[in-house]
Student: 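Have a look at the structure that comes next, please.
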Amino acid sequence: MADPSTLQDFLAAHLRAHPNDEQLLALISDVAVACEKLADLVRLGELAGVLGAAGQENVQGEQQKKLDIIANDVFIECTEHTGRVAGLASEEMDNHYPISDGSPRGRYLLTFDPLDGSSNIDVNGATGTIFSIIEHVTSAAPTDEDFLQSGAKQVCAGYCLYSSASMLVITLGDGVAGFTFNHHEGVFVLTHPNMQVPEATNEFAINAAYSEHWQAPVKRYISECVAGKDGPLGKSFNMRWAGSMVGDIHRILCRGGIFMYPLDARMMADGKQGKLRLLYEANPMGMLIEQAGGVAHTGTSPILSIEPEQLHQRVPVIMGSREEVDRVVSYHASL
Ligand code: P6P
């Protein structure tokens, strides 16, 4: 048979090889429909009246954009009545979202950041949706605690990037595939069948505005990068920072790089362990990066091995090209 050409062909091919995954693959299709709706809204921007602040904060203490709330509602609408999910959890909701009694409860728990990088939305920058799927391990209605499973337990992870093109990138644990959204046909086309992170890179992504707050291993690494070819790393580096984890991780999946949102003194003063959230940012992106041959780490432990303790738990994030992530991890070890 010819290689799968659309998301539906790809999922059908996976089903033939994994007949027990029917409900999971149907859920991925539901998520894709939600992403299509968001891609259309993002593409219209002000013409759809979706820009600007919502005038309220989320559980993270962040000012919500209108589209943060719309995106969260779209995900709920596209998944809660399908009989595929037992519960939902989102960056935008304090606790998990129970499936209403009128709807059948499915096998899976869906965790998502409905609009990652939303501070970019009003300036037409890259944004995205990040999602993670795990199995609900009991027959009872889920509690927040049921979502607290390590990243190694994910059965699917992915994101949809809303940028010059909208792209859905997913893994089911056997590699990473990228699909470009054809807005005219309303279909995700398989354009990047086997995404791989190059082992070596000369591009780092970090918000350098916080450099005074970084810990010693990160300060050492970035200073070595900017020292260029006459420095200890013997090569010149470039820096990119998209302000959206989806934008940065997509670039790294395409051409390599190291993405860092490390623990810093500001966060420690606030009693936080990082900025990015484990369940719906670090874990799904970590599965994608590792499935593509990269490394996902906090600096002191592999991200996918962390046993979550809270729904909105934050962790330091260092992920991307193996050579550079391993180097930063070695600097943390030699502290
Ligand atoms: P800063 C977006 O708010 C986000 O959670 C990630 O998508 C992004 O990488 C990071 O925060 C940007 O953080 O501090 O540079 O605005």
Side-chain angles (χ1 to χ4, degrees), residues 35 38 42 51-54 56-69 71-72 89-93 111-132 157-163 166-167 169 203-215 218 222 239-254 257-270 272-289 294 296-299 303 311-320 325:
C35 292
L38 294 178
V42 168
L51 302 187
Q56 61 190 51
E57 272 189 7
N58 62 13
V59 64
Q60 325 286 341
E62 296 164 343
Q63 284 300 318
Q64 289 178 303
K65 297 289 188 182
K66 286 179 198 168
L67 206 50
D68 281 318
I69 297 169
N72 197 65
S90 158
E91 175 179 306
E92 303 303 335
M93 298 189 286
T111 309
F112 55 97
D113 179 357
L115 194 69
D116 171 67
S118 54
S119 62
N120 283 345
I121 196 68
D122 293 345
V123 296
N124 204 16
T127 55
T129 294
I130 309 172
F131 66 92
S132 168
Y159 60 79
C160 193
L161 168 64
Y162 311 120
S163 184
S166 292
M167 279 194 71
V169 176
E203 195 160 66
F204 65 87
I206 194 167
N207 185 334
Y210 304 132
S211 57
E212 64 176 302
H213 305 294
W214 296 338
Q215 295 182 305
V218 174
I222 297 298
M239 193 195 98
R240 286 285 183 274
W241 187 248
S244 158
M245 188 181 194
V246 174
D248 282 316
I249 296 300
H250 185 72
R251 185 189 60 255
I252 289 168
L253 281 167
C254 291
I258 177 170
F259 174 89
M260 301 171 77
Y261 213 114
L263 178 63
D264 69 32
R266 300 170 303 152
M267 303 164 190
M268 295 168 79
D270 289 344
K272 291 176 182 167
Q273 280 306 304
K275 173 178 184 185
L276 302 181
R277 277 63 49 144
L278 176 61
L279 291 188
Y280 40 81
E281 290 174 317
N283 273 347
M285 292 310 209
M287 183 179 183
L288 287 162
I289 287 286
H297 218 277
T298 67
I303 283 175
L311 206 55
H312 301 291
Q313 178 172 339
R314 298 168 187 261
V315 290
V317 173
I318 300 167
M319 58 172 74
V325 176

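The model shown is predicted, which means the values in this text are computed figures rather than measured ones. One-based numbering, in listed order, for ligands and for the atoms of each.
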Student: Are Arg240 and Phe204 in a cation-pi contact, defined as NZ or CZ under 6.0 Å from the six-membered ring centre and within 45° of the axis?
Tutor: no
Student: For Gln56, give me all partners under side-chain contact (heavy atoms from CB on, under 4.5 Å), at least two apart in sequence or on another chain.
Tutor: Ala54, Gln64, Ile69
Student: Heavy atoms only: give me the nearest His297-Ile303 pair and the separation to one decimal.
Tutor: O-CD1, 3.4 Å
Student: If you count only heavy atoms, which residues are under 4.0 Å from ligand 1?
Tutor: Asp116, Gly117, Asn207, Tyr210, Trp241, Gly243, Ser244, Met245, Phe259, Tyr261, Lys275, Leu276, Arg277, Glu281
Student: May I ask you to decide whether Asp248 forms a salt bridge with Arg251, counting only side-chain N to carboxylate O separations under 4.0 Å?
Tutor: yes
Student: Report the residues that fulfil ring pair (Phe, Tyr, Trp, His ring centres under 6.0 Å) with His250, sequence neighbours left out, ordered by chain and then residue number.
Tutor: Tyr159
Student: Using salt bridge (charged side-chain N to carboxylate O under 4.0 Å, His left out) as the criterion, list what pairs up with Glu281, not counting sequence neighbours.
Tutor: Arg277
